[in-house]
Every structure is written in C-alpha cells, then in structure tokens.
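Before any comments, here is the structure.
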Amino acid sequence: MHDAASQTVALVEDDPDFRQALAERLTLEGLDVRAFAAAEPALKAVGLDFPGVVVTDLRMPGMDGRQLLTRLQAVDPTLPVIMITGHGDIADAVAAMHDGAYDFVAKPFPFERLRDSLNRALEKRSLVLENRRLAALAAADGGHELPLTGSSRAITALRTTIAQIADARMDVLIEGETGVGKEAVARALHNGSRRRLAPFVAVNCGALPDGLIESELFGHELGAFAGAMRRRTGHIERAHNGSLFLDEVESMPLAVQVKMLRVLEEREIHPIGANEPRVLDLRVLASAKIDLGEASRRGQFREDLFYRLNVVRLRVPPLRERREDIPLLFAHFLRRAADRQGLEPPSVTDAVRRRLLEADWPGNIRELAHFAERIVLDLEDLPRGEPSDLSLPERMHRFEGELLRGALRTHGGDIGAVLDEMKIPRKTLYDKLQRHGLKPADFRA
C-alpha cells in the first residue's frame with residue numbers, strides 16, 4: 001500500500017473501549033498503531049518527521065482535538081490530522097478542516113470510510129517525507145563523499161565503479177587502510193541506489209560490547225534472557241529495505257559470523273527468544289582494513305562468509321596513491337574546521353604545503369582532517385616558512401618541484417607511472433625534471 005516508513009497511525013481517543021477496538025482493526029490492516037488516551041502524551045510522541053498520520057477524537061477532556069491540531073501544526077504544518085466526531089459536532093469538524101485538518105469522519109462510520117481517508121493521508125505523508133529525505137541527502141552529500149573528492153586516476157576510477165554498481169542487487173566488500181573513507185564509499189553506494197530513502201545503518205563491529213553482540217545485531221524479545229525487560233530491534237532489522245554497513249567486519253567473533261552467514265544467504269534473522277525468523281530486504285556493505293581472503297586462510301575469518309561477502313570488492317586507495325588530491329582535500333577540511341571554530345581559514349604557508357606533499361599520511365583522510373584542525377587552531381609546530389620576498393613565479397617553481405619529487409617518490413622513479421599521474425607529454429616531463437635537477441634513478445629502490 002505505502003512505504004513501510006509511512007504506515008504509522010497515532011490514534012488519540014479518550015474512550016478506552018472504542019480506542020482498543022479501532023486500534024485492533026487498524027492493526028489488522030497492517031498499520032503500526034500508537035494509541036493514546038489523551039492529547040498531551042500524543043503531542044510528545046509526534047515530532048517533525050513522524051512517519052505517518054494522526055487520527056484524533058474532536059471532543060476530549062483537557063486538550064481537545066482542535067487544540068491538538070493547532071499544536072501539531074506548529075511542529076509540522078504538513079502532518080495530516082483526521083478528526084473523529086459525533087454528528088452534533090460536525091460544524092466544529094468543518095471548522096477544524098478550515099484550520100488545516102486533513103479530513104473528518106462522523107460517528108458511527110463504516111470502517112471503509114476511515115480506511116480510504118487514511119490511505120490518501122498516508123500517501124501524502126509518504127511523498128512529503130520522501131521529498132524531505134531527498135533534500136537532506138542532497139545537503140549531506142558533500143560531507144559524506146568528501147573522501148571521494150579529487151581528480152586523481154585512482155579516485156576517479158573508484159567513483160566510476162561506485163556509479164556503475166550503486167543500484168545493483170549485490171553485496172559489496174570495501175577494503176582499505178584505516179581512515180581512507182570506507183564509510184563514505186558505503187554511503188555513496190547507498191545514496192546512489194533505489195534504497196536511498198530507506199535507512200543506512202552503520203555498525204562498527206569492533207566497537208560492539210562483549211556479551212551483547214548478538215543482541216545488538218539481531219535483537220531480542222521481551223524476557224529472552226535475564227535483564228531483557230523489553231523487546232529490542234537489532235541493527236540488522238533496522239536496515240530493512242535499506243543498507244547495512246558492517247565496518248571492520250574482520251573483528252566480528254567467529255560465533256557471530258555463523259549467524260551473519262545466514263543473514264546473507266537467507267535474508268532473514270532470528271532474534272534471541274523469537275519463535276520464528278523474520279524475513280528482511282536489505283543490502284549488506286562490509287568493510288575491512290585487512291585482506292579477508294588471507295585472514296580466512298589463516299582461520300581468523302570464516303571462509304564461507306568471506307566468499308559470500310566477496311561478490312564485488314572495492315579497494316579504496318590510500319592518500320599516498322592519490323597525492324595530487326591532497327591539496328584540494330586539505331582545503332575542504334581547512335574551511336570546515338575554520339567554520340566549526342568560528343574562525344577565518346588561515347593562509348596555507350610553504351611549510352604546510354611541504355608537509356602536505358611529503359608526509360606519508362598513514363592515517364589517510366582522517367589524519368589529514370586532524371592536521372587541518374590543528375592548523376586552524378595554530379597547534380601544529382611547523383617551520384615558519386620561506387623568506388617573504390619570493391615572487392609568485394619562484395613560489396610556483398618550488399611548488400612544481402615538490403609535486404614532481406612527490407610523484408617520483410610515490411612511483412619509485414617509474415616514468416610511465418609519473419606520466420599517467422601528471423598527464424603531460426613525455427618531453428614536457430623530462431624538461432621539467434631537468435629544470436628541477438631531478439633524476440628518476442635517484443628514486444628507484
């Protein structure tokens with residue numbers, strides 16, 4: 001009927017018998033009913049992005065239906081509110097519709113009348129929430145995909161592959177060193193797919209608490225074990241219709257890997273204490289900072305789970321393989337750090353430029369972002385730079401030399417690889433190397 005995210009009805013009715021009967025009938029229609037005996041608790045539970053509509057009685061003690069409507073509109077003017085009223089209060093119900101109520105039904109009413117109104121209201125709510133989520137994704141895209149910014153050959157190829165497989169119905173294994181932006185790749189895959197309006201659930205497998213890993217991932221029922229005072233929806237189930245990102249999947253205990261294999265093969269989970277498994281529709285994106293194939297051969301990771309995850313494998317390049325992207329990335333991080341501190345971005349000195357080009361950046365994107373933070377706060381101990389009387393051509397000459405030196409060092413003096421990176425004619429490259437006194441042989445191992 002509608003997207004699962006907009007199948008919720010907040011039912012506000014002070015008559016307990018009528019409230020229970022109507023809630024049961026709505027539940028039989030497949031709706032998630034949240035029943036309230038008064039307007040005040042309902043108001044606290046219905047926020048800006050409430051995933052459904054409100055059905056409320058018009059006549060109630062304390063805050064009545066029209067007052068509730070006014071308060072809800074102050075929170076979210078687009079939220080559909082359907083009024084239930086007696087025949088004697090139809091004039092008030094009509095007035096409520098002039099005030100912004102979506103519809104009203106008069107008691108006694110055939111259930112089909114309310115159901116039809118709900119169907120239309122839920123459809124409207126679904127479209128509103130979809131537009132909001134798309135706007136939020138557009139606003140957040142730059143932040144999530146900043147690690148993918150750049151024009152280097154490595155990152156351009158990665159972006160092309162992401163675009164090709166984003167909407168494919170297959171799981172993806174994302175490999176790369178610490179801090180390269182594996183979650184950014186996962187989010188780009190999710191945001192480029194038809195699942196983008198559903199949840200993206202990121203789980204750091206290395207940070208799950210010992211003894212509670214299965215409960216955190218798969219959930220549990222009320223009373224499933226000592227201390228289970230309520231039902232818990234696990235991370236996997238929360239990703240239903242969306243994407244589940246398992247970060248540092250290599251740190252998942254072997255016992256849990258067995259259950260995760262069933263999720264991948266059957267697309268179902270069995271929460272602790274549940275009588276029946278629950279079928280899910282989700283895409284699994286997993287990341288690892290080690291070679292899972294090698295780990296499986298050493299018995300540190302289940303081989304069958306590795307092969308099930310390894311449908312498509314993406315490798316995120318470290319910064320040292322995309323050095324030409326570093327200045328642009330640093331400029332983004334510097335501006336973001338300055339905005340966060342309420343400061344103007346500082347000028348980039350020659351000492352900072354040398355650090356950007358010469359450092360190995362073992363922490364990759366994360367380390368670069370932290371470096372930008374320290375520069376903004378003037379916490380980095382760097383040489384104060386070059387004499388102030390250097391002309392612009394002289395500074396450009398030095399900068400070009402540092403770029404060439406960095407490329408030669410990265411590629412071990414391999415001229416072919418340097419040409420691919422610099423994208424200039426061979427003769428031009430040799431002329432520049434001679435001008436800067438650089439010899440490829442000096443950089444070969």
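As the structure is a prediction and not an experimental result, all values here were calculated from the model.
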For residues 30-38, dump all side-chain donor-acceptor pairs below 3.5 Å to protein atoms at least two apart in sequence or in another chain.
none

Between CG on residue Asp420 and CZ on residue Arg153, distance to nearest 0.5 Å: 4.5 Å
Ser243 vs Arg196, side-chain hydrogen bond (donor to acceptor under 3.5 Å, both in side chains): CA-CA, chis, key distance, verdict: CA-CA 8 Å; Ser243 302; Arg196 64 187 178 276; over 6 Å; no
Between the side chains of [Y] and [X], is the shortest nitrogen-to-carboxylate-oxygen separation below 4.0 Å, so that they form an ion pair?
X: Glu294; Y: Arg297; answer: yes
X: Asp57; Y: Lys107; answer: yes
X: Glu221; Y: Arg278; answer: yes
X: Glu380; Y: Arg374; answer: yes
X: Arg302; Y: Asp304; answer: yes

Acceptor/donor pairs from residues 111-118 side chains to any protein atom, 3.5 angstrom cut, sequence neighbours excluded:
| unit_1 | atom_1 | unit_2 | atom_2 | d |
| --- | --- | --- | --- | --- |
| Arg113 | NH1 | Asp103 | OD2 | 3.1 |
| Arg113 | NH2 | Asp103 | OD1 | 3.3 |
| Arg113 | NH2 | Asp103 | OD2 | 3.3 |
| Arg113 | NH2 | Phe104 | O | 2.9 |
| Ser117 | OG | Asp103 | OD2 | 2.8 |

Close side-chain approach of Glu13 and Thr56, heavy atoms under 4.5 Å: no
Student check: side-chain heavy atoms of Asp76 and Phe50 closer than 4.5 Å: no
Modelled atom types, side-chain donor and acceptor of Arg187 and His190, under 3.5 Å: no
Among Lys182, Arg313, Arg315, Lys289, salt bridge (charged side-chain N to carboxylate O under 4.0 Å, His left out) partner for Glu175: Arg313
Derivation of the ring pair (Phe, Tyr, Trp, His ring centres under 6.0 Å) call for Phe371 and Phe330: CA-CA 9 Å; Phe371 179 63; Phe330 180 73; 5.6 Å; yes
Distance-only donor-acceptor hits, side chain of residues 158-168, under 3.5 Å, sequence neighbours excluded:
| unit_1 | atom_1 | unit_2 | atom_2 | d |
| --- | --- | --- | --- | --- |
| Arg159 | NH1 | Leu148 | O | 2.6 |
| Arg159 | NH1 | Gly150 | O | 2.8 |
| Arg159 | NH2 | Gly150 | O | 3.0 |
| Thr160 | OG1 | Thr156 | O | 3.0 |
| Thr161 | OG1 | Ala157 | O | 3.1 |
| Asp167 | OD1 | Arg194 | N | 2.7 |
| Asp167 | OD1 | Arg194 | NE | 3.2 |
| Asp167 | OD2 | Arg194 | NE | 3.3 |
| Asp167 | OD2 | Arg194 | NH2 | 2.9 |

Side-chain (Asp64) to main-chain (Leu58) donor-acceptor, under 3.5 angstrom: no
